[in-house]
Amino acid sequence: MRVYNTLFRKKEEFLPQGDEVKMYVCGVTPYDDSHIGHAMSYVIFDVIRRYLKFRDYKVKYVQNVTDIDDKIIDRANQRDIPPAELAKKFTDSYFEDMDALNIERADVYPKATGEIAKIIEVIQGLIDKGFAYPADGSVYFRVRKDPDYGKLSHRSLDAMMAGECAIGSEEKEDPMDFALWKASKPGEPFWESPWGEGRPGWHIECSAMSLKYLGEQIDIHGGGQDLIFPHHENEIAQSESFTGKKPFVKYWLHNGLVQLGEDKMSKSLGNLVTIKQALTKYSPDAIRIFILNSHYRSPLKYSEEGLEAAVKAAERLRRAVSRDDSGSGEAFDAESYRKQFIEAMDDDFNTAQALAVLFDLASAINQAGDAGVSIGQAQGTLVSLAREVLGLKLPRTTYLELTERILIRDTVKATVIPDTVNKRVSRLIEERLKCREEKKWQRADEIRKKLDELGVVLEDTKAGTRAAYKRAPSVESLDSFLKELGITL
RNA sequence: GGCGACGUAGCCAAGUGGUUAAGGCGGGGGUCUGCAAAACCCCUAUACACCGGUUCGAAUCCGGUCGUCGCCUCCA
């Protein structure tokens, strides 16, 4: 397995340091609903973790929640609620989104506010070693003290200084020094510390948590490319200075950023689509396919067309695994596809390539099925790779037998079609079947067309008419159509 | 200004030195069907931004040009 390491800007053989892969991914600051950019990052690291497990690695996955920072305080003040309440609300919202997207929960989700003791311990250690200094109730990291500073983002302090002005508070020794502990202003939440009342800086929590939950040296640290500098650079400085052990992280993995139009989708630019908004229009599978269909290190352009294409693509896979296996004789062997899939994923998690293999397999399954070859085993391979590794749900169609000739399936996400609706729909389908027998094609087609408009798609097969709900029609609309046709239930 | 990434068919997007340039969506034709839908078959890039170079050979390496984006401040 090869992975691209931001630290060396090249792909390297993946060799974890111990029996268990230690994986840390930067989590959210919960002051608003999560957007598609978050979806991209967490879907990707979910797939990476799933794939590691698929390849028989044990994985311990930690993700932080930055539940105290300036943004949270500002937003809470705007809404006139306590910062903790705001953070709780959007942390819950985050988990709802993650669950909806079928992202497996991390092993631990430490919160900044829950790790103050460890944070203080690390800061004190850095002061003791001369890497940090208190000033005016705050504590800063002395970047000039760390000779490696800049190794991840590949920039030098002097170059950074020469470029833009680093914004410095007067009490800093060097404008590039960053805060480990921030003295609290009046009215802000605070915790007691050896340096007075205050709260942790943003970067220190990740160093503290990863140290506490994963140890001094970890295998994978992930996040969006926008975190490379300064966040991850600072984490390295803190952790390696504190423990004296290098490297803090063996493989740094960064995903590309989602763009909306020409710009990066971000909270600060305000050009975002939330996960909740996207989920009202697109299935979780479609969203995952949209994300996984391009390489994780490339920027992803958000587009409705892209999502629509992904909806169709998801449907294609779902149909291939759902079709009846009426074949006989020797089974279709999907082993070569499985190998290709693994080969693709082994190469820096090339999910686009891996998906292409699954589409090829779907195609092969359809061909084999049409030819009367047994496809059950191949369908099993497709389903297991898609579900286990890519985290797709790929619900196998189940047909509800309303009558012996009418089969209804429900593809509407988490929607239970009420009996009242099923009853009316099946009555209409019965009517259409009758019309077809009597060769009243016009009336039959009218029923099919109207049902389609109401959200029910019909397909005539040898086994009978199959009905799929795209969405649940209202009883009223069905009743009015029944009345129009002069049919009583 | 410094650092980095990208520019492949109508759209999205793999491929990063060598047979006919993946896959998805869309489009055209056909098989099946009463008609559809689904599925299947065929077609849909005259060399991959442009220019120059290295090489027996480049979309793939090097240099330049143009364009787009990201980071350098909070951000997945």
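So that the names make sense, note that chain A is the first sequence line, chain B the second, and so on, each numbered from 1.
Residues forming a ring-ring contact (aromatic ring centres under 6.0 Å, His included) with A/His38 (at least two apart in sequence, or on another chain): A/His35. In this view, A/Lys339 satisfies the side chain to side chain donor-acceptor pair (under 3.5 Å) rule with no residue, not counting sequence neighbours. Under the ring-ring contact (aromatic ring centres under 6.0 Å, His included) criterion, A/Phe8 pairs with no residue at all, not counting sequence neighbours. The side-chain contact (heavy atoms from CB on, under 4.5 Å) search around A/Ala352 returns A/Asn350, not counting sequence neighbours. A/His231 is linked by a ring-ring contact (aromatic ring centres under 6.0 Å, His included) to A/Trp202, A/His203, counting only residues two or more places apart in sequence or in another chain. For the side-chain contact (heavy atoms from CB on, under 4.5 Å) test, residues two or more places apart in sequence or in another chain that qualify with A/Arg50 are A/Asp46, A/Asn102, A/Glu104, A/Arg288. Qualifying ring-ring contact (aromatic ring centres under 6.0 Å, His included) partners for A/Tyr302, counting only residues two or more places apart in sequence or in other chains: none.
Going from the C1' atom of B/rG30 to that of B/rU68 covers 42 Å, rounded to whole Å. Rounded to whole Å, the separation between the C1' atoms of B/rC61 and B/rG23 comes to 27 Å. The same atom, P, is picked in B/rA14 and in B/rC72; the two are 24 Å apart, to the nearest Å. Between B/rC11 and B/rU16, the distance separating the two P atoms is 23 Å to the nearest Å. Rounded to whole Å, the C1' atom of B/rC32 lies 29 Å from the corresponding atom of B/rA22. With both ends at atom C1', the span from B/rU8 to B/rU44 equals 16 Å, rounded to whole Å. On the P atoms, B/rA49 is 14 Å away from B/rC12, given to the nearest whole Å. Using atom P as the reference point in both B/rC48 and B/rA58, the two lie 12 Å apart (nearest Å).
In terms of position along RNA chain B, the nucleotide closest to A/Leu300 lies nearer the 5' end than the nucleotide closest to the other residue of the pair A/His232 and A/Leu300. With the nearest nucleotide of RNA chain B identified for both A/Ser41 and A/Leu458, A/Leu458 has the one nearer the 5' end.
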Trace of the side chain to side chain contact (heavy atoms under 4.5 Å, CB included) decision for A/Ile72 with A/Asp69: CA-CA 5 Å; A/Ile72 290 176; A/Asp69 92 332; 3.6 Å; yes
Stepwise, does the salt bridge (charged side-chain N to carboxylate O under 4.0 Å, His left out) test hold for A/Lys449 with A/Glu453? CA-CA 6 Å; A/Lys449 186 162 174 286; A/Glu453 285 166 16; 3.4 Å; yes
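Distance check, rounded to the nearest 0.5 Å: CG of A/Leu101 to CE of A/Met40 gives 13.5 Å. From A/Phe349, atom CZ reaches atom NE2 of A/His295 across 9.5 Å, with rounding to the nearest 0.5 Å.
When rounded to the nearest whole Å, the span between CG of A/Leu355 and P of B/rC25 equals 12 Å. Residue A/Glu459 contributes atom CD, which lies 16 Å from atom P of B/rC35 at whole-angstrom precision. Here the P atom of nucleotide B/rC12 and the CZ atom of A/Phe359 are 17 Å apart, to the nearest Å. For the pair A/Lys312 NZ and B/rC11 C1', the computed distance is 13 Å after rounding to whole Å. Spacing between atom CD of A/Glu233 and atom P of B/rU73 amounts to 13 Å, rounded to whole angstrom units. Here B/rG24 presents its C1' atom at 15 Å from CG of A/Leu394, a figure rounded to the nearest Å. Counting to the nearest Å, the P atom of B/rG4 and the NE2 atom of A/His154 are 9 Å from each other.
Side-chain proximity of A/Lys71 to B/rC71, B/rC12, B/rC74: nearest is B/rC74.
Here A/Val25 lies out of heavy-atom contact (under 4.0 Å) with every strand. Residue A/Ala309 is classed as a sugar-phosphate contact, given heavy-atom separations below 4.0 Å to backbone atoms only. If you check every strand for non-hydrogen atoms under 4.0 Å, A/Leu358 touches nothing. As judged by a 4.0 angstrom heavy-atom cut-off over every strand, A/Gly27 is placed among residues touching the sugar-phosphate backbone only. Within the 4.0 angstrom heavy-atom criterion, only backbone atoms of the sugar-phosphate kind lie near A/Gly223; the bases stay farther away. Here A/Leu257 lies in heavy-atom contact (under 4.0 Å) with a base. Among the heavy atoms of the strands, none lies under 4.0 Å from A/Phe45.
Aromatic ring centres of A/Phe14 and A/Tyr251 lie closer together than 6.0 Å. Taking the six-membered ring where the residue is Trp, the centroids of A/Tyr109 and A/Phe95 are separated by under 6.0 Å.
Annotation for A/Lys88: atom NZ does not count as buried by contact number, only 12 or fewer foreign heavy atoms lying within 6.0 Å.
Near-neighbour residues of RNA chain B inside residues 90-110 of chain A, defined by a heavy atom below 4.0 Å, are absent.
Looking at A/Glu446 and A/Arg432, no side-chain N of the basic residue comes within less than 4.0 Å of a carboxylate O on the acidic one, giving no salt bridge. The pair A/Arg436-A/Asp445 fails the salt-bridge criterion, with no side-chain N (NZ, NE, NH1 or NH2) lying under 4.0 Å from an Asp/Glu carboxylate O.
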For nucleotides 39-42 of chain B, give me every protein contact, N/O to N/O, under 3.5 Å, one pair per line with atom names.
| residue | atom | partner | partner atom | Å |
| --- | --- | --- | --- | --- |
| B/rA39 | O3' | A/Asn366 | ND2 | 3.1 |
| B/rA39 | O2' | A/Asp370 | OD1 | 3.3 |
| B/rA39 | O2' | A/Asp370 | OD2 | 2.6 |
| B/rC40 | OP1 | A/Asn366 | ND2 | 3.2 |
| B/rC40 | O4' | A/Asp370 | OD2 | 3.1 |
| B/rC41 | OP1 | A/Gln367 | NE2 | 2.8 |

Which atoms of nucleotides 31-34 of chain B (N or O only) lie under 3.5 Å from a protein N or O atom, and what are those distances?
| residue | atom | partner | partner atom | Å |
| --- | --- | --- | --- | --- |
| B/rG34 | N7 | A/Arg436 | NH2 | 3.4 |
| B/rG34 | O6 | A/Arg436 | NE | 3.2 |
| B/rG34 | N1 | A/Asp445 | OD1 | 2.9 |
| B/rG34 | N2 | A/Asp445 | OD2 | 2.7 |

Any protein N or O atoms within reach of nucleotides 14-16 of chain B? Criterion: under 3.5 Å, listing atom names and distances.
| residue | atom | partner | partner atom | Å |
| --- | --- | --- | --- | --- |
| B/rA14 | OP1 | A/His295 | N | 2.5 |
| B/rA14 | O3' | A/Asn350 | ND2 | 3.2 |
| B/rA14 | O2' | A/Gln353 | OE1 | 2.6 |
| B/rG15 | OP1 | A/Asn350 | ND2 | 3.0 |

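Considering all non-hydrogen atoms of both residues, A/Pro395 and A/Ser322 come closest at O-OG, 4.0 Å.
Using bins of under 30°, 30° to 60° and over 60° for the plane-to-plane angle, the ring pair A/Tyr337/A/Phe332 lands in the tilted bin.
Base-pairing analysis of RNA chain B finds the following stems of at least three consecutive Watson-Crick or G-U pairs, with both pairing distances under 3.5 Å: B:1-7 with B:66-72, B:10-12 with B:23-25, B:26-31 with B:39-44, B:49-53 with B:61-65.
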